[in-house]
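Working notes, beginning with the structure itself.
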Amino acid sequence: MVADDRLLLVGFMGAGKTSVGRRVAQETGWDFYDLDAEIERRTRQTIREIFEADGEKAFREVEKNVARELLARPRVVIASGGGWAGRAGWRNDVPAHTFSVWLDVGVEEAVRRATAESDVRPLMDQGSDHQRVSELHKVRAPYYALADERVDTEGSTVEDVTARVLESLVRRTDRTRTE
Ligand code: S3P
């Protein structure tokens, strides 16, 4: 069997997908893509501007198309946006030889970490609307759980999580080699 040559990070806002993804890419020598940043680069709008001008539905359409394009590339680490894998059927958009990892984070810590970058996260605005964010977190978890592996990031540093993701990638590669 051919080993995976793509790593896809999924999980809620504030899970650390971008920070961890960038470091994993440095270690593997693969190219790093942050889905939100790619969307902003291509549309020349911030995520907030897209949400405000065109609505969430339009954003999801752009997100789906850009993700599909990035996922067609070999030797890449992709940090998806929190909503991309928070839906049924995301695995259908994932090509073979892609290792997906769910960076899991509890809602309290997610809110603490995620409210920092407000232009990327219009859905976190309502830091006060805790119930809405909790609901989103709960509804999405079963979909994130469809990833090949789960890494708990609660209370861990970016370095720790990076090391654990790299270990799983190596284990996965070893397993495929012996199959
Ligand atoms: C979203 C998460 C954001 C961004 C957009 C919508 C979501 O990405 O794509 O604000 O629906 O959870 P991060 O998970 O990188 O914050």
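Indexing begins at 1, ligand by ligand and atom by atom, following the structure's order. Side chains included, hydrogens not; waters and symmetry mates left out as well; all remaining heavy atoms used. Just so it is clear, the model here is predicted, and its values are computed rather than measured.
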Considering heavy atoms of the protein only, find what lies nearest to [atom] and give residue, atom and distance to 0.1 Å.
| atom | value |
| --- | --- |
| atom 6 (C) of ligand 1 | Arg60 NH2, 3.9 Å |
| atom 16 (O) of ligand 1 | Arg121 NE, 2.4 Å |
| atom 12 (O) of ligand 1 | Arg140 NH1, 2.6 Å |
| atom 10 (O) of ligand 1 | Val120 O, 2.5 Å |
| atom 1 (C) of ligand 1 | Gly83 N, 3.9 Å |

Output yes when [X] and [Y] qualify as a salt bridge under the 4.0 Å nitrogen-oxygen rule, no when they do not.
| X | Y | value |
| --- | --- | --- |
| Glu27 | Arg22 | no |
| Arg75 | Asp31 | no |
| Asp93 | Lys64 | yes |
| Arg132 | Glu135 | no |

Regarding atom 13 (P) of ligand 1: of the candidates Val10, Asp36, Leu35, which has the closest heavy atom?
Asp36
Would you say [X] and ligand 1 have an N/O pair spaced under 3.5 Å apart?
| X | result |
| --- | --- |
| Ser80 | no |
| Thr18 | no |
| Glu56 | no |
| Phe51 | no |
| Gly11 | no |

Do you see a donor-acceptor pair shorter than 3.5 Å between the side chains of Arg23 and Thr162?
no
Just by modelled atom types, is the Val105 backbone N or O under 3.5 Å from a matching donor or acceptor in the His137 side chain?
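Between the backbone of Val105 and the side chain of His137 there is a qualifying donor-acceptor contact (under 3.5 Å).
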Is a donor on one side and an acceptor on the other found under 3.5 Å between the side chain of Glu154 and the backbone of Gly106?
yes
Would you call Phe59 a ligand 1 contact, heavy-atom distance under 4.0 Å?
yes
How many angstroms lie between CG in Leu169 and CZ in Arg164, if you round to the nearest 0.5 Å?
15.0 Å
From Leu70 atom CG to Arg6 atom CZ, the distance as rounded to the nearest 0.5 Å:
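It is 10.5 Å, given to the nearest 0.5 Å.
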Heavy-atom contacts under 4.0 Å between Met124 and ligand 1: side chain, backbone, both, or neither?
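For Met124, there is no contact with ligand 1 at all, from either part.
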Between Arg73 and Tyr33, is a side-chain hydrogen bond (donor to acceptor under 3.5 Å, both in side chains) present by the stated rule, with each step listed?
CA-CA 10 Å; Arg73 303 180 186 199; Tyr33 291 101; 2.7 Å; yes
Under 4.0 Å from a heavy atom of Leu123: give me the atoms of ligand 1 that qualify, with their elements.
7 (C), 11 (O)
Within a distance under 4.0 Å of any heavy atom of Pro122, pick out the atoms of ligand 1 and give their elements.
10 (O)
